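Computed from a predicted model, the values in this text were never measured in an experiment.
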There are 4 protein chains.
Amino acid sequence: MGAKERREREREQRKSHILDVARELLLGKGMNATSINQIAKRSELSVGAIYFYFKDKEELFAALQLEGLELLHNAVRLAVAKKSTPEKKIRSIAMAYLKFSEEHKSYFDIINYFLTSPETIFPPNLKNVIDEHGNASISKLAAAVREGIDAGQFKPVDPRRQAIILWSAFNGVIQLKKLEKTILKKDEYRSLYMEALDRFLDGLRK
Amino acid sequence: MGAKERREREREQRKSHILDVARELLLGKGMNATSINQIAKRSELSVGAIYFYFKDKEELFAALQLEGLELLHNAVRLAVAKKSTPEKKIRSIAMAYLKFSEEHKSYFDIINYFLTSPETIFPPNLKNVIDEHGNASISKLAAAVREGIDAGQFKPVDPRRQAIILWSAFNGVIQLKKLEKTILKKDEYRSLYMEALDRFLDGLRK
Amino acid sequence: MGAKERREREREQRKSHILDVARELLLGKGMNATSINQIAKRSELSVGAIYFYFKDKEELFAALQLEGLELLHNAVRLAVAKKSTPEKKIRSIAMAYLKFSEEHKSYFDIINYFLTSPETIFPPNLKNVIDEHGNASISKLAAAVREGIDAGQFKPVDPRRQAIILWSAFNGVIQLKKLEKTILKKDEYRSLYMEALDRFLDGLRK
Amino acid sequence: MGAKERREREREQRKSHILDVARELLLGKGMNATSINQIAKRSELSVGAIYFYFKDKEELFAALQLEGLELLHNAVRLAVAKKSTPEKKIRSIAMAYLKFSEEHKSYFDIINYFLTSPETIFPPNLKNVIDEHGNASISKLAAAVREGIDAGQFKPVDPRRQAIILWSAFNGVIQLKKLEKTILKKDEYRSLYMEALDRFLDGLRK
DNA sequence: AATGAATGAGAGTTCATTCAT
DNA sequence: CATGAATGAACTCTCATTCAT
């Protein structure tokens, strides 16, 4: 019966190997410029093999996004785990998000790529799965805000809405990275990120 | 003598007609999926004619972005013109920005499209012109912040940095629009935008 | 086991079929006027298929040249093999070259086409392979000259240089073929070729 | 009536200006890659203007070749003028040819370009004019050979045929220039050219 | 499971040439 | 004389996808 398991394992390995190659290419040249043929060549597999593991191009790239969201959710969970005060939790999540955007740049870019691309319209069911994953991270943030409100440190605002606002602001600032060398100095976006966090926390406090 | 001028005018008309068509297609399907052939067909011109007016695809799409930035800058200038207090100015700019994102959705999307697309890298000189235009709008915002600081209403922070942060946050929230129907309710992003502004101003005030 | 080999064989057959078609077209209308589309149509394959077998147009035409150089080198080797005296060897190579230019007109023209075309610049590595092949034939000629010098029949000149000179002169005369019907009478270039050979051998003898 | 002449002169100036630009482009990128549009742009004229002065692309490039042949013929005539002995005349023509190939590289290349290009087939009448011009230079060479025979210095061979052979050999060697950096050392073709001449004269002498 | 040959539409771009002005 | 806008076919090359083996 070990044979079956081994096969299963190999299957997964192949799949993730393909994803590795695809991720690399996607980030280097964008989705449209990344072709199945290229992925095949780089992963030393045949085109047919790629199509065996993934129904089509779309499915392949959606898989990448899922990977990324899972990783992110994990990072957020860890960040929030051992922190005491709500503010510390929020700051910790913020830092985790920034860190994720830098250390897992690949995944972060992919998530954002699909989020902001008007061109790719995923089939609804896929979109749902993806949103669900995204939601998970926002909920952690909302929970921290709620805690702060309950403790009387924050204004009595809607926690989920604050979470979303914070999240959006984070994203907005991180995207500034692309303007380095023109509008911004190197790594200026980092300090801007911190200051944005300060400003919003200032605004949240009673 | 009028012949030359008329030609010039016709030339401009054709050019802007092409841009109209291109804008429509670009927003519908993204840059990569929008082909010169399609633009030619829809504008009832030959492919060659498109290339007569625009050096290549890049130049065509860059022209769209410039159009948009100019329009935006104008809207911001108007918004700030007749306002008295700094906070009112900031709120006015914010509203102008939101309004622009809705009323000139086409242009707004294009600006954001190029801003967030990791795939398109404009040749440096073009990028500079574009950034310059973008800067113009941010400066108006920064001026309002500075005014507020000088008036003793705001904390003594760096005005330009606040402007950039605010701008980024706006963008982040507006991008949420895409998540309507999944994470957000219809038009929820609008009220989130307002609340984000409130929160930020709260944080800015002494 | 045979399946793999058969495939391999079929692959080679297709490749050489494409080359056949390409050669025919190239000679008829020159490299620039010969399009991949035409080659595809004539060989009853899709454009994509051509690109499956050859990286690009350049590679396709370079393959043709290599084919030709190999054939030529073979002819030269055979020509020199069974001859006794140096002069006979040189004459034999000369005749082989002339014969090759007539019987394998296609290949000869291609070799010369690329040699004299100022427009086509091969990537360095390809150029090296091609030159190497060309060198092989010249070396045979040089060897014959050296033999003659050692035997005291020829002046003490540099053998390799004489080989190159001879080779160039041959080429120069063969190119006259194109002037038939205007400057030259039909087949006059043939007797000119022989006389050129005589004259240079006269000049080489002590 | 001077107006007419002035017009005529201006016409010629425009024409030769166009030719200057065309020549430059042709030599840089070959005939096929040189477009009328490019010539128009570079010469600061309109496309229509080019077509006013030249019927079509072919006529334009043929004009270039004629220019070159005329220049060459002139050089040969000068070379032969003041020389005393036949051998000196031949050497002088040879040097003039080599010099021409170097100093008027542009024209030389064009002449050879059209001579060896299988792709361009000029309309017969044009071809005749061109051949005629070419013949003129060869005749000078033939005359010198005949003189040498009459003077008893050269073998009793056919002068015109020797002229053609020599001419061909020159061309063959000059074409070697293209192989510099691969088969040949820099400027080696020059000394090969001289040696080829020596060898041929050796062979011609009694 | 995996291969890789084949498709054919479509991409961006260039071209010689025409012609109303 | 000269302009320059317009054409539309042709070019090289890439792509997602299929399918017989």
Side-chain angles (χ1 to χ4, degrees), chain A residues 7 10-11 14 31-41 44-60, chain B residues 2-4 6-8 10-11 14-15 31-41 43-60, chain C residues 2-4 6-8 10-11 14-15 32-41 43-60, chain D residues 7 10-11 14 32-41 44-60:
Chain A
R7 236 193 259 156
E10 280 176 2
R11 225 182 109 103
R14 273 252 206 286
M31 179 169 171
N32 271 300
T34 300
S35 75
I36 298 286
N37 274 294
Q38 278 166 35
I39 297 174
K41 203 160 285 174
E44 295 183 314
L45 279 169
S46 68
V47 193
I50 310 281
Y51 275 89
F52 177 79
Y53 289 103
F54 299 92
K55 186 178 136 283
D56 56 17
K57 214 189 172 188
E58 206 168 63
E59 191 177 298
L60 204 168
Chain B
K4 210 177 194 174
R6 184 161 50 94
R7 255 214 211 156
E8 182 72 17
E10 279 178 3
R11 217 183 119 102
R14 275 257 199 282
K15 230 178 149 167
M31 178 168 173
N32 271 303
T34 300
S35 77
I36 299 284
N37 265 297
Q38 282 165 32
I39 297 175
K41 208 160 280 175
S43 53
E44 295 184 311
L45 279 168
S46 67
V47 193
I50 309 285
Y51 277 91
F52 180 79
Y53 288 101
F54 298 94
K55 194 180 128 283
D56 54 17
K57 215 188 173 190
E58 204 170 65
E59 190 178 298
L60 205 168
Chain C
K4 209 176 196 172
R6 184 161 52 92
R7 256 216 210 155
E8 181 73 14
E10 279 177 3
R11 218 183 119 102
R14 275 256 198 282
K15 229 177 151 168
N32 271 304
T34 300
S35 77
I36 298 285
N37 265 298
Q38 284 165 31
I39 297 175
K41 208 160 282 176
S43 54
E44 296 184 310
L45 279 168
S46 66
V47 189
I50 308 285
Y51 278 91
F52 179 78
Y53 289 102
F54 298 93
K55 193 178 130 283
D56 55 17
K57 215 188 172 188
E58 203 170 66
E59 191 177 298
L60 206 168
Chain D
R7 236 194 257 155
E10 280 177 3
R11 226 181 109 103
R14 273 251 206 287
N32 270 299
T34 300
S35 74
I36 298 286
N37 275 294
Q38 278 166 35
I39 296 174
K41 202 160 285 173
E44 294 183 315
L45 279 168
S46 69
V47 194
I50 310 280
Y51 275 89
F52 176 77
Y53 290 103
F54 298 92
K55 189 178 133 281
D56 56 15
K57 214 189 172 188
E58 206 169 62
E59 192 177 299
L60 204 167

**Helical stems, DNA chain E - three or more consecutive Watson-Crick or G-U wobble pairs below 3.5 Å** = E:2-21 with F:2-21
**Prompt:** Contact class for A:Tyr53 (heavy atom, under 4.0 Å): base, sugar-phosphate, or nothing?
**Reply:** sugar-phosphate
**Asked** For B:Ser46, which residues count as a side chain to side chain contact (heavy atoms under 4.5 Å, CB included) partner, sequence neighbours excluded?
**Response** B:Ala49
**Residues that A:Tyr51 engages under side chain to side chain contact (heavy atoms under 4.5 Å, CB included), provided they are two or more places apart** = A:Ile36, A:Val47
**Message:** Restricting to salt bridge (charged side-chain N to carboxylate O under 4.0 Å, His left out), what partner residues turn up for C:Glu8, sequence neighbours left out?
**Reply:** none
**Request:** For C:Gln38, check side chain to side chain contact (heavy atoms under 4.5 Å, CB included) against everything at least two apart and list the hits.
**Result:** C:Leu25, C:Lys29, C:Ser35
**Prompt:** With respect to the phosphate group of E:dA6, does any side-chain polar atom (N or O) of C:Arg14 fall under 4.0 Å of OP1 or OP2?
**Reply:** yes
**Asked** Starting at NZ of D:Lys41 and ending at P of F:dA2, how long is that distance when rounded to a whole Å?
**Response** 20 Å
**Message:** Just verifying a value: how many Å separate B:Lys57 NZ and B:Thr34 OG1, rounded to the nearest 0.5 Å?
**Reply:** 6.5 Å
**Prompt:** Is C:Ser46 near enough to E:dT7 that one of its side-chain N or O atoms lies under 4.0 angstrom from OP1 or OP2?
**Reply:** yes
**Asked** Has the side chain of B:Asn37 got a donor or acceptor atom that lies under 3.5 Å from a matching backbone atom of B:Ala40?
**Response** no
**Base-contact (B) and sugar-phosphate-only (S) positions in nucleotides 16-21 of chain E, heavy-atom cut-off under 4.0 Å, - elsewhere** = BBB---
**Request:** Respond yes when some side-chain nitrogen or oxygen of C:Arg11 is under 4.0 Å from OP1 or OP2 of E:dG4, and no when none is.
**Result:** no
**Prompt:** With a 4.0 Å cut-off, would you call B:Arg6 and B:Glu10 a salt bridge?
**Reply:** yes
